[in-house]
Amino acid sequence: MKTTTFQADANGYYGEFGGAHIPETLAACVNKLKETYLTVLESKEFKDEYMELLRDYVGRPSPLYLARRMSKKYGCRLYLKREDLNHTGAHKINNTVGQILLANKMGKRRIIAETGAGQHGVATATVCALMDMECTIYMGKVDTERQHVNVEKMKMLGATIVPVTEGSGTLTEAVEAAINDWCSHPDDTFYIIGSAVGPHPYPDMVARLQAVISEEIRQQLQEKEGRDYPDYLMACVGGGSNAAGTFYHYLNDERVNLVMAEAGGLGIDSGKTAASIHRGTPGVLHGSRTLILHTPEGEVMEPYSISAGLDYPGIGPMHANLAKMNRATVLAVNDDEALAAAYELTRLEGIVPALESAHILGALPKMNFKPTDVVVLTVSGRGDKDIETYLKHLEV
Ligand SMILES: *Cc1c(COP(=O)(O)O)cnc(C)c1O
């Protein structure tokens with residue numbers, strides 16, 4: 001029998017994607033992390049602390065909500081996994097809580113992170129306040145101006161924000177600046193990456209820390225449907241962490257169809273897109289071999305999406321492999337489709353989703369469900385941060 005695994009191998013490869021493509025100066029840090037993370041994550045002490053914080057601080061388990069009006073509209077049993085109800089408003093906190101506990105166990109006192117829209121920066125600054133750690137956040141200069149409120153929040157939480165002026169002054173350069181910082185402070189510094197990207201072991205570590213989502217889905221479906229698996233799992237992908245968490249326990253369960261939505265932007269052929277699976281070609285970005293948006297000259301292309309959290313030129317290696325092996329269906333959802341979907345969820349269910357989550361909601365009209373199908377769609381975050389964009393783009 002053919003056994004396929006969609007998990008990372010010992011070297012962090014998912015098929016042809018992944019690995020740890022890093023400068024010599026980082027090899028010691030990354031190797032230390034690689035040797036440590038599984039032992040810590042699987043220890044009882046870590047699990048107890050992690051689960052306690054997820055329960056009492058983050059507010060887990062997040063509800064699995066049967067959306068009746070949306071179910072009727074799309075002809076299936078549609079459940080929403082409510083990551084929008086977590087403390088700080090998205091799934092990102094699951095990962096930062098886990099990584100800061102690991103940093104603590106490794107004796108690190110100084111935390112660095114990158115952020116694009118500021119959501120991961122806020123989630124990191126939050127856990128640094130909680131654990132009394134020094135926190136430095138790298139953020140593109142352009143993004144600090146676009147996401148002013150999140151910058152103020154991070155400052156209030158006690159973090160130092162370093163605006164990055166190189167290149168386009170956005171997420172790609174912020175990641176590079178964070179990696180450079182890590183190279184120059186390998187002894188006392190822990191780099192908390194915000195998505196299932198970067199060199200091994202980050203994609204696997206982030207996926208494991210987000211796997212609490214699929215673990216809960218399993219239990220909640222058993223209670224609500226009398227079976228512990230759905231017919232479809234749906235999630236949006238920027239770097240891929242909420243999708244990795246949603247899929248984790250079902251990766252090798254072929255009864256479950258996996259569906260991802262990436263940001264089409266103004267259209268995958270418009271040149272203004274973040275659809276790295278549809279339009280990307282293999283290369284190395286931020287320490288990992290994956291699918292990357294390239295210009296005709298072979299440079300990393302500046303991505304575009306209305307949603308800052310999906311505006312990344314690459315994709316996690318797990319997801320590149322899921323797409324390549326046809327294990328997952330990948331749909332590109334454009335700005336206008338995501339906006340319409342956000343309004344639809346708000347009006348049908350009274351839930352204002354994050355613009356990122358609106359992309360997977362925008363995939364629903366492209367699906368073809370049977371009435372008996374059980375569908376679980378992860379609402380990765382809440383839309384408070386996006387209200388201005390929503391009001392600007394649609395008539396109320
Ligand atoms: C950051 C973010 C995303 C995209 O990140 P993934 O790692 O792909 O999950 C999606 N939704 C929300 C609400 C976010 O803040």
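Counting starts at 1 for both ligands and their atoms, in listed order.
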List every atom of ligand 1 that sits less than 4.0 Å from any heavy atom of Gly381, numbering the atoms from 1 in the order shown and giving each element. 13 (C)
If the cut-off is 4.0 Å to any non-hydrogen atom of Gly238, which atoms of ligand 1 fall inside it? 8 (O)
Counting non-hydrogen protein atoms only, what is the nearest one to atom 2 (C) of ligand 1? Give residue, atom name and distance. Lys92 NZ, 2.3 Å
Any atom of ligand 1 sitting under 4.0 Å from a heavy atom of Cys236? yes
Mark the output for His91 as yes if a heavy-atom distance to ligand 1 is under 4.0 Å, and as no if none is. yes
Step through the shown structure and confirm whether more than 12 heavy atoms of other residues, nucleotides or ligands are within 6.0 Å of NE2 on His148. no
Within a distance under 4.0 Å of any heavy atom of Val237, pick out the atoms of ligand 1 and give their elements. 8 (O)
Using a strict cut-off of 4.0 Å, indicate which atoms of ligand 1 neighbour a heavy atom of Gly309. 4 (C)
Write out the residue and atom name of the closest protein heavy atom to atom 6 (P) of ligand 1, then the distance separating them to 0.1 Å. Ser241 N, 3.3 Å
Heteroatom distance test (Gly194, ligand 1): nitrogen or oxygen, under 3.5 angstrom: no
Salt-bridged, Lys385 to Glu356, with N to O below 4.0 Å? yes
CE (Met156) with more than 12 external heavy atoms under 6.0 Å: no
Counting only nitrogen or oxygen atoms and a 3.5 angstrom limit, does Ser357 reach ligand 1? no
Among all protein heavy atoms, pick out the one at the shortest distance from atom 10 (C) of ligand 1; state its residue, atom name and that distance to 0.1 Å. Glu356 CB, 3.4 Å
Does a salt bridge link Asp231 with Arg227, judged by any charged N lying under 4.0 Å from a carboxylate O? yes
Taking NZ in Lys105 as the centre, count heavy atoms belonging to other residues, nucleotides or ligands within less than 6.0 Å. Is the count above 12? yes
Please indicate whether Lys72 has more than 12 foreign heavy atoms, meaning atoms of other residues, nucleotides or ligands, lying under 6.0 Å from its NZ. no
Glu262: which of His359, His278, His319 passes side-chain hydrogen bond (donor to acceptor under 3.5 Å, both in side chains): His278
Less than 6.0 angstrom separating the ring centers of Tyr65 and Tyr79, yes or no? no
Test the Arg55-Tyr57 pair against the cation-pi criterion, namely NZ or CZ under 6.0 angstrom from the six-membered ring centroid and within 45° of the ring axis. no
Of all the non-hydrogen atoms in the protein, which one sits nearest to atom 12 (C) of ligand 1, and at what distance? Ser380 OG, 3.5 Å
Ignoring hydrogens, just give me the one of Ala354, Ala243, Gly118, Ser195 whose non-hydrogen atom is nearest atom 7 (O) of ligand 1. Ser195
In ligand 1, which numbered atoms sit nearer than 4.0 Å to a non-hydrogen atom of Gln119? 15 (O)
